[in-house]
Amino acid sequence: MKRLRPSVQVLPYLLVAPAVIILTVFYLYPILYNIYLSFFTWNMRGPMKFAGLSNYAELFSGRDFLHTLLNTLLYMVMDVGLVMVLAMGLALFLQKNTPLNRFIQTLSFTPNIISLVSVSLIWMWLMNTDTGLFNYLLSVLGAAPVGWLTDKDVALFSLVLVSVWKSVGFNALIICSALGSIPGYLYEAAALDNASKRSVFFQITLKMISPTLFFLILMNIIGSFQVFETINIMTQGGPSNATNTLIFSIYKQSFEYYRVGYASAMAVVLMGIVGLITIFYFKALNKRVHYR
Amino acid sequence: MRVWLRLPGAGLRIIISVLLIVIFLMPFYWMILTAFKTLGEVLRMPPKFWVDSLQWQNFRDAFTRINFLHYTRNSLIITLGTMIGQLVVVVPAAYAFARYQFKGKNALFGIVLATMMIPGQLIFLPIFVMFAKSGLLNTYVSLIVPFIASGTAIFMLRQTFMQVPDSQLEAARLDNASEFRIIYTIMMPAAVPTLSTLALLTFIGTWNSYFFPLVWTTTDAVRTLPLGIQKLQDVEGLSPQIVMAGNMMLIVPILLVFLIARKQIIKAFTYMGVK
């Protein structure tokens, strides 16, 4: 039996208090404060003016926000799609546990622990239009140089490439460990049934790792909404706003144009989108995905 | 039998392997190569894939063009401060959530879990305003305290603490050990693998952090090394060899940690991914 000392009643609260207070002050309260700020116009210096819903009205009537939202969605679709497909391929390729495969696995994971600042600077140098390695290799192949970061039709895709390079190894690692945990008897049973390799892949492999894939897709979607470092360092949202995404736009509206209310309204909308995706994810998960 | 569709033949496998190695190694190789070149070699077309003489002064230049020591010191203070602060805040909380029944426990734990879903990038602005109003702008506190109550850390550590056998706890309580002693002599030794995993993840995350030091500061006073290196790009952008030398100095500490604790880091990331 637990010995009840007088302190025992208070103690657990004392133990959790610091953590709960910090989480409340730096996570929960700021969400409410953000919503509050979105109803005002304020430039951080002067007085705050109540503005009702006018920040939201401006968001949805102007072109800028919709363009930014579209960029964000475009980035998300390209990023998540490429990362998932390539990670799946990489994981299947590396399945056999050989020294070479382990080496490639570690190598592909390395970019994931490197600061995005470093990664951005390296790729910016590789993608330099005049002196970059990429355009040199293209010229060796006889192709015309590409304005990786200066052509408005290419720049967003270039940022996607950097993101894919950084995160594909991590995603492959997770898929690999999911593949490794599929019980072998399933494959043996399928072999006895003379199942085709295609149906083994779709009926067993894909089905068994579907919770992991779903989880990764969600993490990648939410991560892609947060893209900031590569934009701020490599393109500054340009050329002609082609790489201006939501978080970067919130940052610019806040610290360049000092429009706190407008930026807050944008953050509220993004929060809503992320919230909806999370809810949708859990709904879909309950219905569709195979659980062990 | 882990075969699907048709595995590529040995020849194709080797080609793909080489390609993968090049894809993941080339950017690093190019950074290192550039860091040791002269400006003339850097701008030369076609580029050289090797250097004849190593230009060590690129590193000295990177070191002096920005106040490298100042940024490094800030990075160390903030990284160590976050790691220690996390230990102080997270361990007791995880212990209470794992080992006590108390009113409101589920609601409080719900707060912990909810914060794991909120991307911090969405609420940097209200927190910036809070810091500005309370005079905390450009202080170490503003870059340490928000991160020491990590929901993920509490969650992971709670799982570990729950697995410590009851009998050990009962014995300690019969001996009238204080709660502090129980945490210190029973719980923490049992959780050493989880604690070191958390320490590694926090080190990597904080050392690499760029967004929050950028948006929550207005001067260089407490800015960290990643911001310093970006400043190097701003002032020395036309000398890529100096920027890449500075970049190398930012990467090397983290690469050393990765080389030493590779297995554990990969395990930690896998745990976070499949949880």
Side-chain angles (χ1 to χ4, degrees), chain A residues 3 11-12 15-16 18-20 22-24 26-28 30-31 33-34 37 92-93 95 100 104 106-109 113-118 121-123 125-126 131 133 136 170 173-174 177 187 191 197-198 200-201 205 212 222 226 228-229 233 247 251 254 260 263-264 267 270-271 274 278, chain B residues 1-2 4-5 16-17 20-21 24-25 27 30-31 34 43 45-47 89-90 92-93 95-97 100 102 108 111-112 115 117-119 121-123 125-127 145-146 148-149 151 154 173 179 204 208 210-211 215 226 229-230 233 240 243 247 250-251 254 258 262 266 269-270 273-274:
Chain A
R3 280 172 51 148
L11 192 69
L15 292 175
V16 300
V20 170
I22 291 172
L23 291 176
T24 308
F26 292 108
Y27 284 89
L28 297 187
I31 293 177
Y33 192 36
N34 194 354
L37 286 172
L92 289 168
F93 182 77
Q95 256 191 96
L100 179 65
I104 296 176
T106 305
L107 203 60
S108 71
F109 181 78
I113 59 150
I114 305 288
S115 163
L116 263 166
V117 172
S118 299
L121 289 175
I122 296 174
W123 280 75
W125 173 227
L126 290 171
T131 45
L133 179 66
Y136 167 71
F170 166 72
L173 180 80
I174 306 298
S177 75
Y187 290 102
K197 285 182 176 169
R198 179 178 287 270
V200 167
F201 176 69
T205 310
T212 304
I222 292 179
Q226 297 172 44
F228 177 84
E229 280 87 346
I233 293 167
I247 294 285
Y251 166 76
S254 309
V260 174
S264 297
L270 188 49
M271 234 184 272
V274 172
T278 313
Chain B
M1 224 199 76
R2 292 282 151 79
W4 75 286
L5 303 177
I16 296 177
S17 295
L20 286 170
I21 291 172
F24 288 105
L25 218 49
W30 206 244
M31 168 185 76
T34 306
L43 299 177
M45 271 291 156
V89 168
V90 163
Y95 172 62
F97 281 128
Y100 281 100
F102 52 97
L108 291 176
I111 292 180
V112 173
T115 58
M117 307 276 179
I118 306 164
Q121 268 92 336
L122 284 178
I123 46 171
L125 183 55
I127 297 177
V145 174
I148 61 179
I154 294 175
R173 288 218 166 96
E179 291 303 304
I204 295 171
N208 288 341
Y210 167 78
F211 183 79
V215 296
I229 301 301
Q230 197 216 344
Q233 160 73 27
V243 178
N247 207 3
L250 173 62
I251 288 183
I254 222 76
F258 186 57
R262 186 175 55 88
I266 289 184
F269 275 86
T270 316
V274 294

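Proteins get letters first, then strands, A, B, ... in listed order; numbering begins at 1 in each.
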Quiz item: Looking at B:Val89, B:Ile154, B:Ile148, B:Val90, which makes the most heavy-atom pairs under 4.5 Å with chain A?
Solution: B:Val89
Quiz item: Measuring heavy-atom distances to chain A, does B:Pro27 have an atom under 4.5 Å in its side chain, in its backbone, in both, or in neither?
Solution: both
Quiz item: Would you say B:Asn208's side chain and A:Leu116's backbone share a donor-acceptor pair under 3.5 angstrom?
Solution: no
Exercise. Measure distances from A:Leu100 to the heavy atoms of chain B and classify the residue's part below 4.5 Å as side chain, backbone, both or neither.
Key: side chain
Quiz item: Quick one: what part of A:Leu121 sits under 4.5 Å from any heavy atom of chain B, side chain, backbone, both or neither?
Solution: both
Quiz item: Side chains of B:Phe102 and A:Val16: does their closest heavy-atom pair fall under 4.5 Å?
Solution: yes
Practice problem: State, yes or no, whether a side-chain contact exists between B:Ile123 and A:Tyr27 at a heavy-atom distance under 4.5 Å. | Solution: yes
Quiz prompt | Max heavy-atom pair count under 4.5 Å with chain A, selected residue of B:Leu108, B:Leu122, B:Ile204 | solution = B:Leu122
Exercise. Pick one of side chain, backbone, both or neither for A:Leu37, based on which atoms fall under 4.5 Å of a heavy atom in chain B.
Key: side chain
Quiz prompt | Engaged part of A:Ile222 at the chain B interface, taking heavy atoms whose separation is under 4.5 Å | solution = side chain
Exercise. Among the options B:Ile229, B:Val215, B:Val112, pick out the one with the most heavy-atom pairs lying under 4.5 Å from chain A.
Key: B:Val215
Quiz item: Between B:Gln121, B:Met31, B:Arg262, which has the largest tally of heavy atom pairs under 4.5 Å with chain A?
Solution: B:Gln121
Quiz item: For A:Leu107, is it the side chain, the backbone, both, or neither that has a heavy atom closer than 4.5 Å to a heavy atom of chain B?
Solution: both
Quiz item: Of the listed residues (B:Leu250, B:Ile127, B:Leu43, B:Val243), which shares the most heavy-atom pairs with chain A below a 4.5 Å separation?
Solution: B:Ile127
Self-check item: Structural part of A:Phe228 lying under 4.5 Å from a heavy atom of chain B
Solution: side chain
Quiz item: Is chain A contacted by the side chain of B:Leu125, its backbone, both, or neither, given a heavy-atom distance below 4.5 Å?
Solution: side chain
Quiz prompt | Test item: B:Leu20 and A:Ser108 side chains (from C-beta on) under 4.5 Å apart, heavy atoms | solution = no
Practice problem: Could you tell me which portion of B:Phe211 (side chain, backbone, both or neither) has an atom closer than 4.5 angstrom to a non-hydrogen atom of chain A? | Solution: both
